[in-house]
Every structure is written in structure tokens, then in C-alpha cells.
Number of protein chains: 2
Amino acid sequence: MSPYDPSAFPPFAVTVDLVVLTVRHHALCALVVRRGEQPFQGRWALPGGFVREDEDLTTAAARELVEETGLCVAEPGAPTTDPVKGAHLEQLATYGDPRRDPRMRVVSVAHLALAPDLPAPRAGGDANSARWAPVDELLQESEGARDEQSAPLAFDHAQILADGVERARSKIEYSSLATAFCPPEFTVGELRRVYEAVWGVALDPRNFHRKVTGTPGFLVPAGGTTTRQGGRPAQLFRPGGATLLNPPMLRPEV
Amino acid sequence: MSPYDPSAFPPFAVTVDLVVLTVRHHALCALVVRRGEQPFQGRWALPGGFVREDEDLTTAAARELVEETGLCVAEPGAPTTDPVKGAHLEQLATYGDPRRDPRMRVVSVAHLALAPDLPAPRAGGDANSARWAPVDELLQESEGARDEQSAPLAFDHAQILADGVERARSKIEYSSLATAFCPPEFTVGELRRVYEAVWGVALDPRNFHRKVTGTPGFLVPAGGTTTRQGGRPAQLFRPGGATLLNPPMLRPEV
DNA sequence: ACAAAAGTGTTGTAAGTACACCCATGC
DNA sequence: GCATGGGTGTACTTACAACACTTTTGT
């Protein structure tokens with residue numbers, strides 16, 4: 001690595017962008033904010049912002065997450081019943097094409113956040129508004145007439161979102177991450193509907209039940225029952241300690 | 001995102017660091033270079049360097065790879081018999097702790113490269129020398145007396161290397177990536193020794209053979225045989241088109 | 001009574017493990 | 001001959017898909 005001479009390296013702006021996913025109305029949705037400025041003024045974009053001078057990348061992402069949604073990241077090992085603290089956050093990938101931002105050289109470290117269904121997004125920062133949008137709408141290629149709601153995302157955010165969705169889809173296979181989409185206590189049926197929404201498939205409720213309750217460390221009984229989904233009362237569960245599932249959940253249609 | 005005002009964001013240096021892995025003498029090895037300058041002068045470090053003004057991150061990583069090893073990245077879809085062009089390169093993760101470099105704020109986009117066994121590394125850039133070192137030596141915690149060879153890596157490179165090794169270990173499970181450690185044509189036994197070295201386990205040769213030859217798209221017969229490993233002549237194979245393995249290879253001891 | 005969702009039992013099948021066993025070369 | 005690695009056959013076991021069936025609520 002070169003010495004201290006600042007002229008030896010070009011300066012970059014470094015940002016964090018967030019792919020915040022949740023499951024609403026049986027569909028996988030992402031948080032998008034409307035851009036208030038050029039370029040891409042008025043278009044939807046992923047939330048994000050500059051990394052500060054003395055801030056770690058993960059810290060910057062967690063800060064943006066709070067500013068945009070009020071969500072706090074779950075403390076490892078400290079199970080909480082506060083639905084606003086159950087979020088999962090991890091680094092996704094870094095995007096640094098020289099022309100991805102027309103104004104200057106920006107390297108964006110994208111992060112992936114998974115959250116339970118929240119009442120409503122709160123707009124923050126320099127965004128005019130924010131909303132949860134089904135990822136299917138956001139990612140469908142421009143075909144035929146397009147209304148403003150489903151216009152393509154700003155910058156390279158469609159690519160970032162696609163990468164985040166793909167990460168989530170594959171990661172719930174072999175980890176217990178799907179519980180990050182659920183409230184602190186949930187039923188097996190609710191967990192199944194998360195898998196169905198994220199993967200976009202229908203799962204056999206009977207086999208699913210046997211599988212998740214039989215995977216060690218995935219779920220622990222919370223003690224109560226609920227009928228909030230109708231039908232026979234269902235046992236409530238909390239996430240077990242396990243992070244890696246053995247055996248993994250299998251995504252159909254291979 | 002904020003307007004053009006450069007005072008609105010702090011400037012960062014952006015580098016790429018490379019985790020270059022290969023299998024030599026039945027052990028997983030990483031390429032390390034000796035640092036010629038402060039800080040960490042004389043210590044081993046991962047190869048890397050600054051991203052240039054108009055350069056994509058992947059381009060920068062590929063350029064560093066050529067400079068340090070002479071390896072070229074494999075062209076997708078263009079199978080080559082040149083052993084120096086078969087390398088696999090992918091982004092690994094980004095490291096941006098404010099204090100990871102004592103001189104200035106550096107964000108490093110680490111990349112993972114997999115290469116077949118090469119004759120010898122060639123030192124390049126500002127490194128005094130370069131060598132292949134077994135990852136077990138590089139990653140073992142400081143315990144007891146340590147010679148210079150096994151001194152811990154500079155900066156946060158031990159963490160980066162550990163992340164790269166873990167990525168490689170898990171990715172050869174469900175992808176055909178293990179062939180990137182092999183020469184253009186190889187035997188089933190050579191491929192098995194790759195898995196054994198990367199995972200650090202012993203595999204049953206009989207079941208392994210059945211499995212890899214039975215996984216569609218993993219291997220295609222190259223037509224010849226070889227006795228370079230001794231014993232009965234073995235069929236030579238080339239990588240098949242498949243990138244994702246179905247069913248996946250299973251890592252023992254879970 | 002009926003619909004709806006939860007949960008259990010059973011059966012066929014795909015895939016993995018652990019071996020015994022045979023094959024083709026170099027020395 | 002014998003050592004060495006390559007390759008096939010087979011029995012045992014696990015895990016998954018499919019689907020019949022029972023349970024417990026709300027209306």
C-alpha cells in the first residue's frame with residue numbers, strides 16, 4: 001500500500017444503501033423512498049446515505065435503518081419482545097461502477113435488513129415519502145406502459161434490490177432467518193406464510209409443520225396459543241437459538 | 001442523497017484486497033505478500049491496492065490479480081485450456097472500520113480468487129516477496145512462541161482471509177467452484193483431493209466418484225486418461241456447464 | 001352443521017453411508 | 001507378484017413428498 005501522500009489515491013464518496021424487506025399481505029415487500037432531488041428526482045430509490053467520518057459501515061447502516069424506519073437491530077443473544085427491535089441486518093455487497101452516480105464517484109456498501117410487518121414507514125432524511133412496495137412490482141422489467149408507481153428504481157438500485165432478494169431467498173433455506181420476518185411470537189402457519197411469500201411458492205402445511213418443529217434449535221414453544229389466523233388454536237413459538245438449520249429447508253421446484 | 005457539495009461527505013480511500021486460494025501439497029493455501037513499508041513493515045499481508053479513478057471494483061481486483069500472480073480471470077462461457085486463465089474471481093465483502101488502517105480512512109472491498117496450483121508466485125508492486133502459505137498457519141491464533149513465518153497478518157487481513165476461506169468452504173458445497181482449483185483437465189481423484197484439502201476431511205473415494213459423475217452438468221469427460229497419480233489410469237474430465245450443483249455435495253461431520 | 005386452520009400417521013421414493021469387491025497400471 | 005489408486009455393486013438408513021385423517025376453534 002502506498003504512503004501517506006493523499007495525491008496517490010483518488011478520493012471516493014462512500015454510502016450505505018439499504019434493502020429492507022418485510023412480508024405484507026402475503027407478498028415480499030421492500031422499503032423505497034421517493035427522491036427529492038436530481039438526479040432521478042421524484043423516482044423511487046432504496047434508502048441510504050453517506051458514511052460518516054468516524055463510523056463503521058455496519059453502524060452507518062444501522063443508523064440509516066433507524067432514521068428511515070425506526071427499527072433497531074436485534075441484539076445478539078438478547079431475545080426481545082419489542083417488535084421494533086427484532087430486525088436482522090447484514091452486509092450485502094458493494095457497488096462501485098464509476099458511472100453509477102452521474103455526479104461523482106460513489107461506492108455504495110449495500111446492506112440487507114429483514115423486518116417483521118410494521119404499521120407504516122416513516123419518511124426521514126431528504127426523502128419526500130416512503131412506502132412498502134412488492135418486490136415483484138419493483139423488479140419487473142419495463143414492459144409496455146408504466147405508471148409512476150412501478151417506474152424503475154433510481155441508480156443501480158434495481159440490481160441491488162434483486163441481489164438482496166436473492167440473498168434472502170437462499171438464506172432462509174439454511175438459516176433460521178425467516179423468523180426475522182415474524183413478530184416475537186408466531187405460529188408455524190405464520191412462519192410458513194413467510195416462506196411462501198419469499199419464495200413465491202405453496203408449501204404443504206402438514207410437512208412444513210413436521211419439518212420446522214423437528215429441526216433442532218429452530219423453534220421453541222412460547223407457551224401460549226392464538227387463533228388470530230382463524231381455525232383451531234395454534235401453538236405460539238419463539239426463535240430457538242440455532243442460526244444454521246440442519247437439515248435445511250428445501251425450496252421446491254428444482 | 002446530498003447535492004454536489006464535496007464538503008457534505010468525507011473522502012475515503014478505496015482499495016481492493018485479494019484472498020487468492022489454491023491447493024498445494026494437499027493443503028489449502030493463500031497468497032500473501034511481504035509488506036515493504038510501514039505500518040506492519042516486514043509482515044505478511046493480502047495482496048491489494050487502490051482502486052483507480054475510472055475503474056470498476058471487479059476490474060481493479062482483476063488487475064491486481066494479474067499484477068500479483070499473472071493469473072487471468074476465466075471468461076464466462078469460453079472454456080480455456082490455458083491454465084493461467086482459469087481463475088475464478090468474485091466479490092467477498094467490504095471492510096471499513098475507521099481504525100483498520102492507522103494512516104487514513106480506507107474502505108477495502110475484498111475479493112475472493114480461486115486458482116489451480118501454480119508454479120510460483122511472482123512478486124509485484126511494492127511487495128518485497130510473495131509466497132503461498134497454508135491457511136491453517138496463517139489463521140491459527142497466536143499461541144506460544146511464533147516465528148516470523150507464522151506471524152499474524154497485517155491490518156484486519158486475518159479476518160478477511162477467514163471470511164474468504166469460509167466462503168470457499170461453503171460455496172464448493174452447492175456450486176461447481178471446486179473445479180476452479182483444478183487444471184483444465186483433471187481426474188475425479190484430483191477433484192476429491194481438492195474437497196478434502198478445502199474442507200480438511202477425508203472423503204470416501206467410491207461414493208465421491210459416484211456422486212460427482214452422477215451430478216448432471218458438473219463434469220464432462222475430456223476423452224483421455226492419465227496415470228499421473230499412479231495406479232490405474234483415470235478418466236480425464238472438464239468442468240461441465242453447470243454452476244449450481246443439484247444435489248449439492250455434502251460436507252461431513254455436521 | 002360447516003368452514004377453516006392445526007396437527008398426526010403412513011407409505012413410497014430419492015439420496016446418503018458404509019462397506020465388499022473388482023480393474024488396470026507401475027515397479 | 002504387490003502396491004496404488006480407479007471404479008462398480010449392494011445393503012442399510014435417513015429424509016422428503018404426497019395425501020388420508022383427526023382435532024379444535026369461529027360462525
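Quick note on labels: first sequence line is chain A, next is B, and so on, each numbered from 1.
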Side chains of A:His157 and A:Gln159, donor plus acceptor under 3.5 Å: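 Result is no, nothing qualifies.
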A:Gln140 and A:Asp136 side chains, donor-acceptor separation under 3.5 Å: no
Output the rounded distance in Å from [atom1] ([X]) to [atom2] ([N]).
X        : N      : atom1 : atom2 : value
B:Phe237 : D:dG6  : CZ    : P     : 11 Å
A:Asn246 : C:dG16 : CG    : P     : 14 Å
A:Phe208 : D:dA18 : CZ    : C1'   : 17 Å
B:Gln229 : C:dG26 : CD    : P     : 14 Å
B:Leu203 : D:dG5  : CG    : P     : 16 Å

Shortest side-chain distance from [X], nucleotide among [options]:
X        : options               : result
A:Leu250 : C:dT17, C:dG7, D:dC16 : D:dC16
B:Asp204 : C:dC19, D:dG7, C:dG7  : C:dC19
A:Asn207 : C:dT8, C:dA18, D:dA18 : D:dA18
A:Arg193 : C:dT25, C:dA6, D:dG6  : C:dA6
B:Gln235 : D:dC16, D:dG7, C:dG16 : D:dG7
B:Arg192 : C:dA6, C:dG16, D:dG6  : D:dG6
A:Arg232 : D:dT24, D:dG7, D:dA17 : D:dT24

4.5 Å side-chain heavy-atom contact, B:Leu46 and B:Leu18: no
Close side-chain approach of A:Arg34 to A:Arg131, heavy-atom, < 4.5 Å: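 They are not in side-chain contact.
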Proximity of A:Phe208 and A:Tyr195 rings by center, below 6.0 Å: yes
Short side-chain N/O contact from B:His209 to OP1 or OP2 of D:dG7, under 4.0 Å: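 For D:dG7, OP1 or OP2 has a side-chain N or O of B:His209 closer than 4.0 Å.
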Residue-phosphate contact under 4.0 Å: B:Lys211 side-chain N/O, C:dG16 OP1/OP2: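 Yes.
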Nearest-nucleotide 5' precedence on DNA chain D, B:Glu190 against A:Thr227: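 Upstream on the strand: B:Glu190.
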base_contact_polar (D:dG9 base, B:Arg210 side chain, donor-acceptor, <3.5 Å):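 Answer is yes: a donor-acceptor pair is held.
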Donor/acceptor link under 3.5 angstrom from B:Arg206 side chain onto base of D:dG5: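 Checked by distance alone, the answer is no.
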Nearest-nucleotide 5' precedence on DNA chain C, B:Gly230 against B:Pro248: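 With B:Gly230 and B:Pro248 compared, the 5'-side residue is B:Pro248.
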